[in-house]
Amino acid sequence: MKKFFDEFKEFISRGNVMDMAVGVIVGGAFGAITSSLVTNVVTPLLAALFQSPNTDALNITLREGDAAAGVEPIVLGLGTFLGAIINFLVIALVLFSVIKAMNKAKELADRARKKKQEEEAAAEPPKPTTEELLGEILEELKKKNGAA
């Protein structure tokens with residue numbers, strides 16, 4: 001049983017599990033932001049365009065309800081569905097923009113790092129090749145053998 005808990009402890013403390021947990025928390029907060037954007041910005045704009053207070057007004061009632069008779073109304077929720085589509089599109093657009101910006105920042109950082117490495121490599125004097133080193137050793141041996 002101890003081995004099981006040790007393995008679980010190792011699993012839960014891995015970096016990618018923690019990254020995932022942070023992602024879920026940030027995703028929840030991000031969802032609240034995008035929901036607010038849709039509810040408080042996009043929906044009122046659409047309401048002004050369609051002269052209705054919200055997209056729910058675009059729902060179509062197929063059958064009126066009668067509370068006294070216990071009859072539930074039947075509503076075709078086109079407006080509610082439209083609101084869900086708008087919410088999805090706004091979230092997708094914002095995520096796309098964030099990922100695009102992150103990729104661009106990574107590309108710029110990679111380019112700067114590569115340029116720095118090239119500058120450092122150019123600043124170092126070129127190292128002698130194997131043939132040059134062997135030639136120098138041969139010259140030294142000739143000098144020693146010629147002097148002896």
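The residues of the chain are indexed from 1 along the displayed sequence. What's counted below: heavy atoms across the whole structure, side chains too, no hydrogens, waters or symmetry copies.
- The main-chain N or O of Val75 is never found under 3.5 Å from a side-chain atom of Asn59 such that the two would form a donor-acceptor pair.
- Atom OG1 of Thr80 is separated from atom CD1 of Ile85 by 11.0 Å, given to the nearest 0.5 angstrom.
- Under a hydrophobic-cluster definition in which Ile, Leu, Val, Met, Phe, Trp and Tyr are linked whenever side-chain heavy atoms come within less than 4.5 Å, directly or via other members, Ile25 and Phe30 are assigned to different clusters.
- Listed for the Ser97 side chain is a donor-acceptor partner under 3.5 Å among the backbone atoms of Leu93.
- Phe96 and Met102 are assigned to two separate hydrophobic clusters, defined by single-linkage of ILVMFWY side chains at heavy-atom distances under 4.5 Å.
- Every side-chain contact (heavy atoms from CB on, under 4.5 Å) that Leu141 has, sequence neighbours left out, goes to Ile137.
- Here the closest heavy-atom approach between residue Arg63 and residue Glu72 is recorded as NH2-O, 2.8 Å.
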Return all side-chain donor-acceptor pairs below 3.5 angstrom for residues 111-120, not counting sequence neighbours, or 'none' if the list is empty.
| residue | atom | partner | partner atom | Å |
| --- | --- | --- | --- | --- |
| Arg111 | NH2 | Glu107 | OE2 | 2.5 |
| Arg113 | NH2 | Asp110 | OD1 | 2.4 |

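- Qualifying side-chain contact (heavy atoms from CB on, under 4.5 Å) partners for Asp66, counting only residues two or more places apart in sequence or in other chains: Ala68, Ala69, Val71.
- Atom CG in Leu108 sits 11.5 Å away from atom NZ in Lys106 (nearest 0.5 Å).
- A continuous path of hydrophobic side-chain contacts links Phe88 to Phe81 [ILVMFWY only; heavy atoms under 4.5 Å].
- Interatomic distance, Leu138 CG to Asn145 CG, rounded to the nearest 0.5 Å: 9.5 Å.
- Judged purely by atom type and a 3.5 angstrom limit, Glu132 uses its side chain to pair as donor or acceptor with the backbone of Thr129.
- Follow the hydrophobic side-chain contacts under 4.5 Å out from Leu45 and you reach Ile86 in the same cluster.
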